[in-house]
There are 2 protein chains.
Amino acid sequence: MAEERGSADRAPLSRERVLRAAVALADASGGSGASGASGADGFSMRRLAQELGVVPMALYKHVANKEELLDGMVDMVVGEIGRPAPGADWKSAVRQQILSARSVLLQHRWAARVIESRTGPTPAVLAYLDSVIGTFRDGGLSADLTHHVMHALGSRLLGFSQELFDAGRSTPPPSTPGGSAPDLAGAYPRLAEIAAAAAHDADSAVGGGCDDRFEFEFALDLLLDGIERLHHRGWTSASR
Amino acid sequence: MAEERGSADRAPLSRERVLRAAVALADASGGSGASGASGADGFSMRRLAQELGVVPMALYKHVANKEELLDGMVDMVVGEIGRPAPGADWKSAVRQQILSARSVLLQHRWAARVIESRTGPTPAVLAYLDSVIGTFRDGGLSADLTHHVMHALGSRLLGFSQELFDAGRSTPPPSTPGGSAPDLAGAYPRLAEIAAAAAHDADSAVGGGCDDRFEFEFALDLLLDGIERLHHRGWTSASR
DNA sequence: ACCTGAACACCGTTCAAGT
DNA sequence: ACCTGAACACCGTTCAAGT
């Protein structure tokens, strides 16, 4: 919400200004931010130019093409992720840094999808990964273990992430033309049971669903605890 | 590569045929499959119609719009994921099912991104999740623990998944206009060290990089072991 | 009644024409 | 030399006109 609709500012349209406006526009456009599957996205070169009170072509003075614009937006967002305090032990330092990344990516909900759509990592992403790796290494983990651990932190184990749940809470699932109305409890009894259990102990969560922050920390700590144990046992990939 | 360019087949264009051709086209179009950020994607309504030897509008007889087409494609792909053998213990049954999901999504590399772009889960996705949940529940895990465990399996802990690494192997990272040439080892020393360690013990991997299958199983087992331990200890979310 | 070509409102990007 | 409007090759989708 920084400089939302300041259409005709007098400033001479630097690359900085273009990127900052692009991030603001993507934040404002509720959707996926940059050509996700939905057409009602709202983010485009032409739209961005309009927001800046400028002819579309003018953007190409500061950015080679849309790909480079997206790279710049990613770098700007990922650059917001904080570095860990130097004093802490590796476990809480990693924890702190990953939670910082989470909160930044929650503020720019288009960002995770755009990052994954890039053909290669941008400098800020490399710096972030380098920083997390450094925290593990400084904590005494071997390069070998650190390597596998980084993959573990970056894996989508189910094959995709579970944001569908959150979306599914508001939007009912589409029904196949043959199938009848959704009676979810009947079709997916196990899933319904879980959903009910989640809604039951929803004291902590303000909204209807479950406490996403708790779920995230649960997963993170599960992995960090496992990593700590492997580290103490002197795990090596030779033991595979 | 099923019915790649059979342009003018005589069959009368059922919904089945449209979806099957759509999946084949997305598989063939190397990119992200459905309007990822790159414009060189190759997948579009018009392109699909052309592949079927049909005017674009004809598709709308069998599919309401592109969103519904994508939902159908997701359902078709996710439907390929195998169910676990009923005899096994919960740990290896989950392992088997998740590895099956991984191999299916590797065959249709556009699918994970498209699934995450949907506004809500499709029936096949719900069935898959229901099945995994059922495996945990049949293994004796509480609904409470199962719920959190499902979130853990669906989390992107780093904030995004690490496919950037794989892409980065082929494509060099973009350089900011101010910065000089990439000397990666100097800019990101920790990352370079890890990459070197990965390349060093690359006996098992056929290509240059690291064994992605091993990395995946490492992460999966790390989580499954942690889950098993929590289960044996009778973990409850009340203990948070 | 059915099908479809032209059309609409977009998109990223190019390029020649205007100053 | 610089800037930009028109244009190009797309896109998803609508709709009226043709059979």
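Being a predicted model, the structure only gives us computed values, none of them experimental.
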Next on the checklist: Whether the side chain of A/His108 engages the backbone of A/Asp27 through a donor-acceptor N/O pair (distance < 3.5 Å, no angle test) should be reported.
Outcome noted: no
Checklist outcome for this item: pair_partner(C/dA9), Watson-Crick or wobble, both distances < 3.5 Å, evaluates to none
Checklist entry - What is the distance from CG of A/Leu70 to P of C/dT13, rounded to the nearest Å? => result 10 Å
Item to check | Nearest-neighbour nucleotide for the A/Ser44 side chain, C/dC11, C/dT13, D/dG12 considered | outcome: C/dC11
Next on the checklist: Looking only at the side chain of A/Asn65 (C-beta and beyond, no hydrogens), which of the listed nucleotides D/dG12, C/dT13, C/dT4 gets closest?
Outcome noted: C/dT13
Next on the checklist: If you compare every side-chain N and O of B/Lys61 against the phosphate oxygens of C/dC3 (OP1, OP2), does one of them come in below 4.0 Å?
Outcome noted: yes
Checklist entry - Which one is paired to C/dA16, where only Watson-Crick or G-U wobble pairs with both distances under 3.5 angstrom count? => result D/dT4
Checklist entry - Whole-Å distance between C/dA7 P and B/Met57 CE? => result 16 Å
Next on the checklist: In this structure, how many angstroms lie between the C1' atom of D/dC10 and the CE atom of A/Met45, rounded?
Outcome noted: 16 Å
Checklist entry - Looking at the side chain of A/Arg46, which of D/dA7, C/dC15, D/dG12 is the nearest nucleotide? => result D/dA7
Item to check | Between D/dG12 and C/dT14 - C1' atom distance, rounded Å | outcome: 23 Å
Checklist entry - Picking from D/dT13, D/dT14, C/dT13, which would you name as closest to the side chain of A/Lys66? => result C/dT13
Item to check | Whole angstrom value for the distance that separates C1' of D/dT4 from CD of A/Gln50 | outcome: 17 Å
Item to check | Close side-chain approach of A/Pro84 to A/Ser131, heavy-atom, < 4.5 Å | outcome: yes
Next on the checklist: Donor-acceptor pair, distance only, cut-off 3.5 Å: does the side chain of B/Asp130 make one with the backbone of B/Ile133?
Outcome noted: no
Checklist entry - Is there a donor-acceptor pair under 3.5 Å between the side chain of B/Arg113 and the backbone N or O of A/Glu116? => result yes
Checklist entry - Any donor-acceptor pair under 3.5 Å linking the side chain of A/Ser29 with the backbone of A/Ala26? => result no
Checklist entry - Distance check: side-chain N/O of A/Tyr60 vs OP1/OP2 of C/dT14, anything under 4.0 Å? => result no
Checklist outcome for this item: Rounded to whole Å, the CG-P distance (B/Leu59 to D/dT14) equals 13 Å
Checklist entry - When the nearest nucleotide of DNA chain C is assigned to B/Ala58 and to A/Pro56 on a heavy-atom basis, which residue is associated with the more 5' position? => result B/Ala58
Next on the checklist: Nearest whole Å is fine: how far is C/dC2 C1' from B/Leu13 CG?
Outcome noted: 15 Å
